[in-house]
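Below is one structure, written out as structure tokens; the observations come after it.
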Amino acid sequence: MATVGTPSSPSVPRHTNRLINEKSPYLLQHAHNPVDWYPWGQEAFDKAKTENKLIFLSVGYSTCHWCHVMEEESFKSKEIGEIMNEHFVCIKVDREERPDVDKVYMTFVQWKENKDALLESSQRILEALRHTSEIRVQGQESPPPAKEVMDTCFQQLSRSYDEDYGGFSKSPKFPTPVNLNFLFTYWALHQTTPEGARALKMALHTLKMMAHGGLHDHIGQGFHRYSTDQHWHVPHFEKMLYDQGQLAAMYSKAFQISGDEFFADIVRDILLYVSRDLSDQAGGFYSAEDADSYPTTTSTEKREGAFCVWTAKELWALLPDPVEGAAEGTTLGDVFMHHYGVEEAGNVDPMKDPHQELKGKNVLIARCPPELTAARFGLEPGRLSALLQECQQRLSSARAQRPRPHLDTKMLAAWNGLMISGFAQAGATLAEQGYVSRAAQAAAFLRTHLFDPDSGRLLRSCYRGKHNSVEQSAVPIQGFLEDYVFVIQALFDLYEASLEQGWLEWALHLQHMQDKLFWDPKGFAYFSTEASDPSLLLRLKDDQDGAEPTPNSIAVTNLLRAACYSGHMDWVEKAGKILAAFSERLQKIPITLPEMVRATAVFHHTLKQVVICGDPQGEDTKEMLHCVRSVFSPNKVLMVADGDSAGFLYRQLPFLASLERKDGKATAYICSNFTCSLPVTSVQELRGMLSP
């Protein structure tokens, strides 16, 4: 909470407004502003009507650096507060709680044409917005061709690729997991071509450069939000849960494809950070950590990155030890500071530090391969690794004495879903049962705290309360489309990692509920919100993958997976209708929807049902499961069908009952549209059948 005073003894606020009764950390940050803030709701709307005032709508989130700047420069001012209170009804919205409100009004702000119509009447505004935001089938009721769309998307990404540093822009530079996921699938379908090789190189190089850069927290683990420069060096320091979840999945895939332990180590790094710093003791995951914090316990002003950056003087003091076996006089500080690009005057370009918050500071960035650092100091690579680890531990202990950044302890269904997928995919790929167990713990948390068993619906958010309890708003926010698609995806991933059929059963229930609440039977595809919310002027369909994939992109793959697990072929038809609704955009500018382009390929290639008949605890079954999980195949689903443990699957897919073990051994079948291959008991044969 941004208040005047030290972190240990903040000054007493002069004013308290209605936001004090809210649960959102962002709204509570503004509960002592002199602005008479209202939360989004009928009370504010009624006041605006009664007093004939315009609504002043302010949308942000609790770990947003520029939101803090806005508060300091405007909303904490008594004079500005008086003006706002006199002329407006002021509403604060947490965009992470209510992405629907944010999207509707951002659509209004971005709309540029027919300005006369906008000024003429509110009705015309609404009609114009409906027209420009409408996504529907227009004449063509079939999905676009996969090859054309895939090739165009690859070419557009290839043209925007940074050959030197990876990524797909100069600056600012974002992780964009959707691009990497597309490139992995493109490679899998074009492995023998130069284009396929380039796709894989682009993805792996980007992931390596991100991990070496300052975007990656080399001391505290995890990844920051984005890089302000081309080199992945100086980040915007906040850490978001949705980035950690998606990047854990991407680095898992990179390891699966390449076998390079470097990528596996980064997966472990991300999941260590989330387990330690973003985990609620009840099992859920918190939303984010702030970019800003107090530099010292006596500071009165927060600075961006203060928790993470270092002066050369600090590092000399922390790492004075001489290094045995190196040239005389070499200290730990010499080795560490060379490897991570530390400079006496600081290593941050002043152009990337407009407020001079990082002057004289260093953002750690691995500037050269470990082999070169080792060679420079005459060390064995293994010895260098141990020395750097010792340094990191010392710096971690020193950083623990600094005031921590604000932690947003709001827990969102959608983002928890992304993180469950990250843990589940990592657990399956790295054969780490602990990660699978953590994913299952989080899924159980969702079922307890963010699911209403009476209505069968998901809720959007809950919060860490007093004494580490889990609290809910007085009027819970109902789940949005993104909550459903990311949770359903997570439950499918968790089933494939754990083989617990209860997760599969819940996923299919939620898919039915998603169809009921969000499907557009006229224009096809899913709306982002329900029809029953009177406070929203528009029901929109997102049409661009961003920091998170657009929900309809994920919905396509979910529907195809759901059909494979249930036999409900109408879900395949629905998937095709989504692709048809977005057909024009997919064919003209597919780079805006790389996850949906990937889903188009999955739709046209048909998912393979990999069915293993065998005792899940038997060594021969485990060997086959390891084979399936170690091969990157973007168009497969995995299931184990053997005896009583597969009751739910047998009821959904009666054909499974005809599949048997061969010669008493664990046996695999590859099925497509419920027609199965000959049985195989050899892992080598199975591996060959898994290629796309």
Side-chain angles (χ1 to χ4, degrees), residues 99 102-104 106-113 129 131-138 140 143-162 166-186 189 195 199 202-203 206 226 242-243 246 250 414 418 481-482 485-486 489 520 523-528 538-558 575-604 634:
D102 181 48
K103 285 167 187 167
V104 164
M106 283 303 292
T107 301
F108 172 76
V109 169
Q110 294 165 353
W111 195 64
K112 302 293 184 188
E113 298 173 6
L129 286 172
H131 176 73
T132 59
S133 64
E134 193 170 45
I135 294 168
R136 59 183 297 115
V137 170
Q138 297 174 339
Q140 179 186 348
K147 185 180 187 309
E148 172 191 322
V149 170
M150 289 278 283
D151 287 347
T152 305
C153 188
F154 169 72
Q155 290 158 9
Q156 291 176 345
L157 275 176
S158 187
R159 283 195 294 269
S160 67
Y161 178 66
D162 182 340
F168 303 93
S169 61
K170 295 300 180 186
S171 65
K173 191 168 273 188
F174 289 81
T176 57
V178 288
N179 291 344
L180 304 173
N181 207 23
F182 164 78
L183 290 171
F184 285 146
T185 297
Y186 191 88
L189 299 175
E195 292 81 7
M202 287 160 63
T206 296
Y226 62 85
Y242 56 75
D243 284 326
Q246 292 178 90
M250 289 308 105
L418 289 171
L481 175 63
E482 66 178 53
V485 298
F486 293 142
Q489 175 181 251
D520 177 3
F524 301 159
Y526 294 100
F527 289 112
S528 297
L538 296 169
R539 294 183 81 194
L540 301 176
K541 297 171 187 171
D542 291 340
D543 63 353
Q544 186 164 340
D545 290 331
E548 308 156 56
T550 191
N552 271 294
S553 297
I554 298 296
V556 174
T557 307
N558 282 352
K577 288 178 176 178
I578 295 174
L579 297 175
F582 286 85
S583 180
E584 182 179 5
R585 194 167 183 83
L586 286 170
Q587 293 185 78
K588 288 184 178 177
I589 41 174
I591 195 173
T592 62
L593 284 168
E595 182 60 32
M596 193 174 286
V597 175
R598 196 191 73 80
T600 305
V602 174
F603 178 86
H604 284 290

Taking the inter-plane angle between the rings of F168 and Y161 on a 0 to 90° scale, is it parallel (under 30°), tilted (30 to 60°) or perpendicular (over 60°)? tilted

Just wondering, do K147 and H604 contact through their side chains at under 4.5 Å, heavy atoms? no

To the nearest 0.5 Å, how far apart are CE in M596 and CZ in F582? 4.0 Å

Report yes if the side chains of F603 and P143 come closer than 4.5 Å at any heavy-atom pair, otherwise no. yes

Could you state the interatomic distance from CD (Q587) to SG (C153), rounded to the nearest 0.5 Å? 13.0 Å

Sequence neighbours left out, what passes side-chain hydrogen bond (donor to acceptor under 3.5 Å, both in side chains) with N181? Give chain and number order. E595

Applying side-chain hydrogen bond (donor to acceptor under 3.5 Å, both in side chains) between D520 and each of K577, R539, K541, report the one that passes. K541

Residue from D543, N558, T600, D545 passing side-chain hydrogen bond (donor to acceptor under 3.5 Å, both in side chains) with S553: D545

To the nearest 0.5 Å, atom CD of Q155 lies from atom CD1 of I591 at 11.0 Å

Quick one: OG on S158 to CG on L183, what's the gap to the nearest 0.5 Å? 9.0 Å

Nearest 0.5 Å please: distance from the CD atom of Q156 over to the CD1 atom of I589. 8.0 Å

Heavy-atom side-chain contact between P549 and F486 under 4.5 Å: yes

When you measure from the side chain of S160 to the backbone of S169, do you find a donor-acceptor pair of N or O atoms at a distance under 3.5 Å? no

How long is the span from the CG atom in N179 to the CE atom in M202, to the nearest 0.5 Å? 8.0 Å

For a 4.5 angstrom cut-off between non-hydrogen side-chain atoms, does L579 reach L586? yes

Could you tell me whether the side chain of T557 and the main chain of A599 form a donor-acceptor pair under 3.5 Å? no

